[in-house]
Each structure stands twice: as C-alpha cells, then as structure tokens.
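Residue numbers start from 1 in every chain, and the chains themselves are labelled A, B, ... in the order their sequence lines are given, proteins ahead of strands.
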2 protein chains.
Amino acid sequence: MIPAKTMKPKAESILEAAGEIFAEQGYRKTTVREICKRCKVNLAAINYYFGDKDHMYLACLKHYQSIAAQKVPFNFGINPSASPKEKLSTFIQTFIFRLLEEGKQTLFGKLLAREFIEPTGALDALVEESIKPSFYLLSSIVREVLGNNCTDQEVELCTMSILGQCLYFRNAQPIIFRLRNKDTFSEEDIKEIAEHIINFSLKALDNY
Amino acid sequence: MIPAKTMKPKAESILEAAGEIFAEQGYRKTTVREICKRCKVNLAAINYYFGDKDHMYLACLKHYQSIAAQKVPFNFGINPSASPKEKLSTFIQTFIFRLLEEGKQTLFGKLLAREFIEPTGALDALVEESIKPSFYLLSSIVREVLGNNCTDQEVELCTMSILGQCLYFRNAQPIIFRLRNKDTFSEEDIKEIAEHIINFSLKALDNY
DNA sequence: ACGTGTTTTAAATTTATGTTTAAATTACTT
DNA sequence: AAGTAATTTAAACATAAATTTAAAACACGT
C-alpha cells in the first residue's frame, strides 16, 4: 500500500469519492463520470493516474483497507492478560462498532460485503489480508473460552456463529430499518446490539 | 404473480434462464444477450414479452419467489402442537436447508441477498411479502422459548441472532470455502451446520 | 385455403460508458 | 526567464449493451 502521504492529492481525492460511490452502488453501476463529477476532476484523470477503472478500483480498496486498519488495530485492542470472556467482549464490541458506526472506516466493510456478492478478482487477496486474520483472532479467543475439550470443528462453528450475528446487523439493515421504522443506528442502538451479542454468545459458549 | 400455467412457455423459459444468470452475476453484469442465448430465444424476445430488462427482472423475482414458496410452506412445516424448542429446531433446520441446498429453490435466496446489497426498487415488496412473515414466525417461536418474562426488544434481538447465524453460512461462503479448501457444502456439512446452530441458540436462549 | 392476429427474426438504432488524443495549461528546474 | 516535464482539459473515439423496427414466419379460427 502506498502511504497516503506519498500519493498525489488529486489521485487521493479520486479514491475518496470512488469509495463512497462504489460502496453505495457497486462496481458496475458506478461510472467514472460520476466519480469525476463528485470530486471535481476531469474525466480523463482516472485513466491518467490509474490506467483504467479497474486499477483505480483496486487502489480504492487498498486505500480504504489502510484507513480501516489504522482505525482498528490488528489485535482489536485486546489486552493479552485479560480473561477469555473479557477478550471476547472486547472483540465483539470493537467489531460491532466498526461495522455499524458511521464514518470512513465503515466504507471498507461495505466494499468488502459487495465483493462477497459480486467478486471482482480482488477477493482472494482481501480474504487473506483482512478477513482471515480477524477470523483466526476470534477463533483463538473462542478456543480459550471453550477450553481444550472441544474439537477444531466446534471452535470453527462457534466462531462463525458469533461473526454471523455481528454481520447480520450490517447486512440486514434494509430489513431492520423497515422493522423498526428508522433508518440509522444510534450510538445507543449500537451499544445494545453489542451487549446483546456478547450476552447471547457467552451464554451459548458457557454451556457448550 | 401470474401462475406458471398461464404464462407463455417462452416467457417462462426466459425467466428460468434469467434467474440463474442474475443469481450468478447480478443485475448489471447480466446481459439480455446472455439470457437469450442460454434459453435459445431471439434477442428481441425479452422486450416483446416483458417490455424491458427491468420489468423482466421483476417478473423473474416473482417467478422464483413463488417457486420458493411452493418448496417451503409458509409455516416452515412446523407442527403447532410441538414444544417451543422443537419448533425452533424445525425452523432452523428448514431454513438452513433452504439456504444451503443446491437447486432452484435456493435461487430466490441468492437473488434476495443481492437485493440487500444492491436494491433495485423491488426490495420493499420483497421485505413485506417474503421476509417479514418468516421473521415474525421465528420471533413468535423465540418468544415461546424465552417465556413471557422478556421484552419485545429482547425477543427481536434473539431472533436476529438466530437469523444472523443461518445467513452467515450462505453469505460468507467465499470465506468458508477458502478456510476449508472446498467449494460446496455436502449434505453432511449442512446437517452439521443446522445442528450446531440449533444447539448454540438453544443454549443461549435457555439461560437468557 | 384465407385472413387476421401473434410471434420470431435479423438488422438497425440509440444510449451509456470506458478510453484515447492532442492541445492547453501549469509546475518545476536550471 | 526559458525550457522541460507533468498535469489538465474538452473533444473525439470505441465498444458494448439495451431497445426498436419492419419484414417474415407462424398459428388458428372461419
């Protein structure tokens, strides 16, 4: 990843605008004309700086990947000397806030969600670089909570149960907002959701 | 929804082919040329029968919605006199099989998943007709399991925890397959997943 | 078999969008 | 300040895709 400091300001403003629009509309629906209009650069700028739309998209993913990585450290801010349950709580809380909070750092998650449904070829690298590390972090915590009397398969499934709960609240926003007659999550909502998932998951793991 | 019987055979074959390709590639990436090629009709047939690509897409959603509805009855095959926990087991099992089993009836789920990420305007009706009924069915079961000492909010959150777990196994397939070095779920895998989610969720609800 | 309405076809048209070009402008170096 | 490289611009270009058209083929009741 090219550090932001060394990137041309115009190139960076393209990536910023592009990320917003890609996250809203997906790769195909997004036109280079719309991106250039949003950040007020000439239509030819994308090809000038990035070669073509596709390379610009990849640069955009990396740009937001690095923003997300800055915002949430690799270890999710988990204290290695905390108890397993505390670690799990911290993980869930951090993950949920990263998914649901408004702001630049959530764009990467949205772009990632699109890649799942409509992979562009960038997915393999993203899974390796961004998703697997978080998955393995969580599954190591789950193993600690469950103790050593359980199989890898059980750990894996429980890890997925927790991730699934978290991701639902982002992926199913169109339903949730319709059920609740709202169209955002408040800070309070997010807190409640995180607490619920922590609670629900610990209950399940405790008696596993 | 126009019953299949009254639909022109050619129109129906277009919807069949279209559904497969839309589910694979999404609305934008799918071209009318490709659909017409797949079902061996002339390029103009889509406009002739449906007016334009967009109306054909809507007809396609309805077509597969009705196929899915035929395959899985409205009540998920739940026996009203079963115990709450048995009802929950049946619901999860049915839901997971519907999501993960290969076949026509899963296409609707895939199309629905795309709508979430990239709504085309059909989403409102789909939420009302297909999603809310299932959601309310599950939440009524969750309420039975939890008993009456819990708030609507708690019931709602637990319902989402269960749905989230189930949907993860479809939405996160690109990760799961990479973690497991496979690219399908076997019948056995699906059974294990369903059992796990039932187990995990009942443990959580029991101690709620 | 005739005629009418429907369906099918290949080709033409239109539109949207990514990309290239070449000239104009700006920034930088000596 | 002159000259060179980098950037910006508007316009042109290319391509791919949806849509339309009009003629041909077909189906079917009389």
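- The distance between atom NZ of K37(B) and atom C1' of dA18(D), rounded to the nearest whole Å, is 18 Å.
- Cation-pi geometry between K53(B) and Y27(B) is satisfied (NZ or CZ under 6.0 Å from the ring centre, within 45° of the ring normal).
- D54(A) places its CG atom 12 Å from the C1' atom of dG18(C), with the value rounded to the nearest Å.
- Side-chain contact, Q165(B) with S201(B): a donor N or O sits under 3.5 Å from an acceptor N or O.
- Atom NZ of K29(A) and atom P of dT17(C) are 11 Å apart (whole Å).
- What separates CD1 of I35(B) from C1' of dA17(D) is a distance of 12 Å, to the nearest Å.
- No side-chain N or O of E154(B) forms a donor-acceptor pair with one of H196(A) less than 3.5 Å apart.
- Checked by atom type, the side-chain pair T106(B)/E101(B) shows no donor-acceptor distance below 3.5 Å.
- Across the protein-nucleic acid pair, N42(A) atom CG and dT9(D) atom C1' stand 5 Å apart, rounded to whole Å.
- Checking dA17(D), dT20(D), dT21(C) against every side-chain atom of N47(B), the shortest atom distance belongs to dT20(D).
- Rounded to whole Å, the distance from CZ on R28(A) to C1' on dA16(C) is 14 Å.
- Within the nucleic acid shown, Y49(A) comes within 4.0 Å of sugar-phosphate atoms alone, with no base atom in reach, counting heavy atoms only.
- Distance from the side chain of K10(A) is smallest for dT8(D) among the nucleotides dA12(D), dT8(D), dT8(C).
- The CD1-P distance, from I46(A) to dT9(D), rounds to 13 Å in whole Å.
- If you measure from atom CE of M56(A) to atom C1' of dT19(C), you get 13 Å, rounded to the nearest angstrom.
- Residue A44(B) has its side chain nearest to dT9(C) when only dT21(C), dT9(C), dT19(C) are considered.
- Side-chain proximity of K53(B) to dT8(C), dT9(D), dT19(D): nearest is dT19(D).
- For L43(A), taking side-chain heavy atoms from C-beta onward, the closest of the listed nucleotides dT8(D), dA17(D), dT19(C) is dT19(C).
- A45(A) comes within contact range of no nucleotide atom at all, as no heavy-atom separation falls under 4.0 Å.
- Closest approach to the Y48(A) side chain among dT8(D), dT19(C), dA18(D) is made by dT8(D) (side chain taken as heavy atoms from C-beta onward).
- Counting distance only, with no hydrogens placed and no angle test, the side-chain atoms of R33(B) and the base atoms of dA18(D) include a donor-acceptor pair under 3.5 Å.
- When only modelled atom types and interatomic distance are considered, Y168(A) and N171(B) share no side-chain donor-acceptor pair under 3.5 Å.
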